[in-house]
Amino acid sequence: MENVVLIIHLLLALALIGVVLLQRSEGGGLGMGGGGGGAMTGRAAATAMGKMTWILAIAFIITSITLTVIAAEKSAGASVIDRLGGGSASTDAADDDNTVPGLGDIDTLLPPPVGDDAPLTPKAD
């Protein structure tokens with residue numbers, strides 16, 4: 001269901017971009033384009049392109065909210081930390097000091113040990 005809504009959402013986005021780009025310029029934006037034909041009227045007549053823009057915008061918002069609701073339902077009760085280790089974060093690791101819940105053994109996260117003869121800081125020789 002999520003994939004169907006996502007595909008509809010993407011098609012609506014492309015259609016909305018296309019309809020907005022095809023509309024006639026009303027002028028006033030950066031001082032460019034448009035005639036003065038409707039400049040003195042209080043409100044310009046709604047064109048078919050204007051109505052289509054509103055319809056597509058409302059449908060786009062509806063699909064956005066639907067995708068948000070679907071994503072919230074899928075993640076209910078889950079945490080990103082729970083998914084990192086493949087198990088729940090409440091695993092019993094109190095007896096071992098080298099484990100981190102969700103990540104496992106700390107020694108695998110640390111860099112390899114350095115020998116006694118290796119310098120601890122880089123030097124420019």
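- Screening L12, V5, L10 for a side chain to side chain contact (heavy atoms under 4.5 Å, CB included) with I8, the sole residue that qualifies is L12.
- No path of Ile, Leu, Val, Met, Phe, Trp and Tyr side chains, each step under 4.5 Å between heavy atoms, connects V20 with W54, placing them in separate hydrophobic clusters.
- Here the CD1 atom belonging to I62 is positioned 12.0 Å from the CG atom belonging to L67, to the nearest 0.5 angstrom.
- Interatomic distance, T53 OG1 to I58 CD1, rounded to the nearest 0.5 Å: 11.0 Å.
- In this structure, the separation between CD1 on I61 and NE2 on H9 is 10.0 Å, given to the nearest 0.5 Å.
- Distance check, rounded to the nearest 0.5 Å: OG1 of T63 to CD1 of I7 gives 12.5 Å.
- A continuous path of ILVMFWY side-chain contacts below 4.5 Å connects M1 to L6, so both sit in one hydrophobic cluster.
- Screening residues 1-12 for salt bridge (charged side-chain N to carboxylate O under 4.0 Å, His left out), with sequence neighbours left out, gives E2-K74.
- In terms of heavy-atom proximity, M49 sits nearest to L22 at CE-CB, 3.3 Å.
- Following chains of ILVMFWY side-chain contacts shorter than 4.5 Å, one cannot reach L11 starting from I65, and the two form parts of different hydrophobic clusters.
- The distance from atom CG of L16 to atom CE of M52, rounded to the nearest 0.5 Å, is 11.0 Å.
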